[in-house]
Amino acid sequence: MPTVTERPSPTTAAGVRDAGPQRWSPVELLPAVLVALLGGRLLLPGHGLWFDELFTAEVSRLPLGDIVTAIATGEGTTSYLAGVPPSYNAPYYLVTHLWTSVPGLGGDTSLRVLSLLATAGGLALITRALTRLADRATGVLAGLVLAASPLLLEHSVEARSYGLAVLATGGAVLGLVRWLQEPPRGLLLFGLAGAGMGLAHWYAVTVLAAFVTAAVVLRRRRALPVVLTGALGALPAVGFVALAVLNGTGARNAEHLTDSDGEFVVRAAEAWAGGSNPLLYLAVGLAVVGAVRSTGARVVGTCWLLVPLALLLVAELVRPVYHPRYLLAGLLGLGVLAAAGAMSLPRPARAPVGALLLACALLASAPLADRGPRERADDLVAVLAGVHEPGQPVVAADQRSATGLDHYVRDLAPRLRPDVVLPPDDAPPGADRVWVVRRLIDGEPEPTDDDEILRTAGLQMVEQHDFPASRTHLVLQLWTR
């Protein structure tokens with residue numbers, strides 16, 4: 001029986017294959033499997049949710065009408081989150097509400113699993129797109145490198161919208177590649193996924209702009225359908241940004257953004273590499289090679305990496321915009337371009353250099369497996385349930401403490417509910433024993449008026465349980481007369 005050999009499709013003058021390998025192969029699922037395995041390992045310790053994830057969980061459990069009303073009006077969903085409405089990344093909360101409405105998916109872990117599944121799906125789409133655009137080796141290597149990269153892996157298991165952003169980005173690049181090779185196929189997928197990118201996280205609109213730029217570079221005037229589709233795809237995200245401005249929540253997360261002091265690109269690359277210099281230097285070096293020598297993926301990968309960085313550099317002239325996780329969708333381009341560079345080296349060097357790139361990514365991500373919890377409100381409530389006696393007030397002194405206390409009392413110790421005091425209510429001065437939950441900032445309790453109320457009532461702090469974590473250091477204090 002004659003052997004059939006799959007030959008790579010010819011490359012056009014613009015550097016795009018007319019049609020890459022058309023037959024899907026199970027090997028293209030390796031990146032999705034890898035990120036699922038690595039992400040599953042990160043989920044195994046079962047650490048409790050931290051503040052951002054707790055906010056997701058608290059909003060998702062509300063009736064759909066209440067979520068929509070809070071989004072539209074810019075109002076908080078509880079008394080202690082009055083200044084934190086779900087307008088920011090609003091579509092994500094609608095998705096998680098539907099997800100947790102499915103029987104059996106209402107727990108905390110299911111929210112993280114949603115992100116992991118979305119990330120795995122996104123990597124599968126990216127792998128398929130690059131397989132068509134270049135070849136199977138480039139597509140699979142790019143997917144594996146992305147699956148092992150520290151920045152993506154860290155946020156693939158958080159109950160936040162970054163997994164959905166990766167999924168939408170994968171759909172958009174696959175739609176673009178289909179259009180480049182077989183227009184008008186892929187245009188609808190490009191538009192729908194492009195809209196999903198901005199709805200998952202509005203920074204991802206810069207990547208949508210990168211894909212449109214790649215289409216213009218490759219097809220010139222014939223790229224008009226992609227330009228128009230990209231513009232339409234950006235409108236939903238623009239609409240939600242406008243809504244946030246109108247209801248006064250547009251700058252709510254601005255305090256998390258920092259000025260890069262002219263080091264935006266360097267900081268972004270370091271964030272993608274998780275602080276690992278070997279991965280950073282190798283990836284950047286191979287990305288330069290990919291931008292110069294690779295076929296098929298050269299233009300798309302270069303635009304994917306450089307256009308978002310350029311747009312955000314311009315934005316930084318007006319105000320700070322840097323935050324590592326906000327750049328995730330754009331920094332996927334670095335892994336793509338590095339893989340393309342490895343596969344454009346002389347044939348004998350491709351496999352060892354590709355293996356070295358993947359090994360460096362895995363080594364850079366290895367410390368994540370041993371990371372501790374970001375917040376330990378679950379541990380605090382477990383200890384509180386063992387020492388608390390009925391009738392003793394349990395006071396949340398600040399917003400973050402209130403979110404964790406409220407959530408885990410509901411899930412782990414509902415018998416405490418009658419004694420829980422949440423902001424804006426203050427500590428009751430008439431009790432003889434009061435438990436206070438608060439967070440420490442630089443080793444000092446976050447200032448609240450509860451201290452003065454309790455001291456004036458003749459109480460003093462006699463016992464403290466510490467719950468340090470990487471994001472929030474919580475303490476449980478006992479005040480008595």
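Computed over heavy atoms, backbone and side chain alike; hydrogens, waters and symmetry mates excluded.
Looking only at atom types and distance, the side chain of Arg267 has no donor-acceptor partner in the side chain of Tyr322 under 3.5 Å away. A donor and an acceptor atom, one from each side chain of Arg61 and Thr100, are nowhere located under 3.5 Å apart. Under 3.5 Å, the side chains of Thr96 and Ser60 contain a donor-acceptor pair of N or O atoms.
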Inset, instruction - Let me see the working for Trp179 and Leu189 under side chain to side chain contact (heavy atoms under 4.5 Å, CB included), right down to the final yes or no. - result: CA-CA 9 Å; Trp179 181 85; Leu189 175 60; over 6 Å; no

Inset, instruction - Run the numbers on Arg112 and Leu43 for side chain to side chain contact (heavy atoms under 4.5 Å, CB included), then give the verdict. - result: CA-CA 8 Å; Arg112 289 173 166 170; Leu43 291 177; 3.8 Å; yes

Inset, instruction - Let me see the working for Arg160 and Ser115 under side-chain hydrogen bond (donor to acceptor under 3.5 Å, both in side chains), right down to the final yes or no. - result: CA-CA 7 Å; Arg160 301 299 292 159; Ser115 293; over 6 Å; no

Inset, instruction - Any chance you could lay out the salt bridge (Lys or Arg N to Asp or Glu O under 4.0 Å) test for Glu158 and Arg374, step after step, and finish with the verdict? - result: CA-CA 11 Å; Glu158 288 205 340; Arg374 294 191 165 193; 2.5 Å; yes

Inset, instruction - For the pair Thr78 and Glu58, evaluate side-chain hydrogen bond (donor to acceptor under 3.5 Å, both in side chains) and give the outcome as yes or no after the intermediate values. - result: CA-CA 9 Å; Thr78 64; Glu58 289 299 292; over 6 Å; no

Inset, instruction - Carefully, step by step, assess Trp24 and Thr131 under the rule side chain to side chain contact (heavy atoms under 4.5 Å, CB included). - result: CA-CA 9 Å; Trp24 175 85; Thr131 295; over 6 Å; no

Inset, instruction - Evaluate side chain to side chain contact (heavy atoms under 4.5 Å, CB included) for Phe211 paired with Val177, printing each intermediate quantity in order. - result: CA-CA 10 Å; Phe211 293 158; Val177 170; over 6 Å; no

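For the residue pair Ala148 and Leu362, the shortest heavy atom distance occurs at CB-CD2, 3.6 Å. Counting all heavy atoms, side chain and backbone alike, Leu286 lies closest to Leu357 at CD1-CD2, 4.0 Å. Taking each heavy atom of Ala268 and Leu309 in turn, the nearest pair found is CB-CD2, 4.1 Å. The minimum heavy-atom distance linking Arg128 with Glu28 is given by the pair CD-OE1, 3.0 Å. Of all the heavy atoms in Leu311 and Ala209, the pair that sits closest is CD1-CB, 4.0 Å. The shortest non-hydrogen separation linking Ala340 to Ala297 is CB-CB, 4.1 Å.
Residue pairs that meet the ring-ring contact (aromatic ring centres under 6.0 Å, His included) test with at least one member in residues 327-350, sequence neighbours left out, do not exist here. Applying the ring-ring contact (aromatic ring centres under 6.0 Å, His included) test to every pair with at least one member in residues 126-150, sequence neighbours left out, gives no pairs at all.
In this structure, Leu146 CG and Thr127 OG1 are separated by 7.5 Å, a value rounded to the nearest 0.5 Å. From Arg132, atom CZ reaches atom CG of Leu174 across 7.0 Å, with rounding to the nearest 0.5 Å. Here the straight-line distance linking atom CG of Leu188 with atom CZ of Arg178 works out to 10.5 Å at 0.5 Å rounding. The line from SG of Cys303 to CG of Leu176 is 9.5 Å long, rounded to the nearest 0.5 Å. The CG atom of Leu42 sits 10.0 Å away from the CG atom of Asp370 when rounded to the nearest 0.5 Å. Note that CG of Asp52 is 10.0 Å distant from CG of Asn89, once rounded to the nearest 0.5 Å.
For the pair Leu474 and Arg400, the minimum side-chain heavy-atom distance is 4.5 Å or more. Taking 4.5 Å as the limit, some side-chain heavy atom of Leu94 sits within range of a side-chain heavy atom of Ile71. You'll find the side chain of Ser25 reaches within 4.5 Å of the side chain of Arg136, heavy atoms only. Put simply, the side chain of Leu312 does not reach to within 4.5 Å of the side chain of Tyr326, judged on heavy atoms. Looking at Leu327 and Phe264, their side chains come closer than 4.5 Å, going by heavy atoms from C-beta outward. Residues Leu49 and Glu375 fail the side-chain proximity criterion, which asks for heavy atoms closer than 4.5 Å. Put simply, the side chain of Tyr92 does not reach to within 4.5 Å of the side chain of Val59, judged on heavy atoms. Within the 4.5 Å cutoff, side-chain heavy atoms of Leu153 are placed close to those of Val35.
Side chain of Thr56 to main chain of Ala159: a donor-acceptor pair is present (N/O by atom type, distance under 3.5 Å, no hydrogens or angles). For His201 (side chain) and Tyr162 (main-chain N/O), no donor-acceptor pair under 3.5 Å exists by modelled atom type. Ser276 places no side-chain N or O within donor-acceptor distance of the main-chain N or O of Ala273, the cut-off being under 3.5 Å. At least one donor-acceptor pair closer than 3.5 Å links the side chain of Trp304 to the backbone N or O of Ala329.
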Check residues 137-145 and write down every donor-acceptor pair under 3.5 Å in which the side-chain atom is one partner and the other belongs to a residue at least two apart or another chain.
{"from": "Thr138", "atom 1": "OG1", "to": "Asp135", "atom 2": "OD1", "distance (Å)": "3.0"}

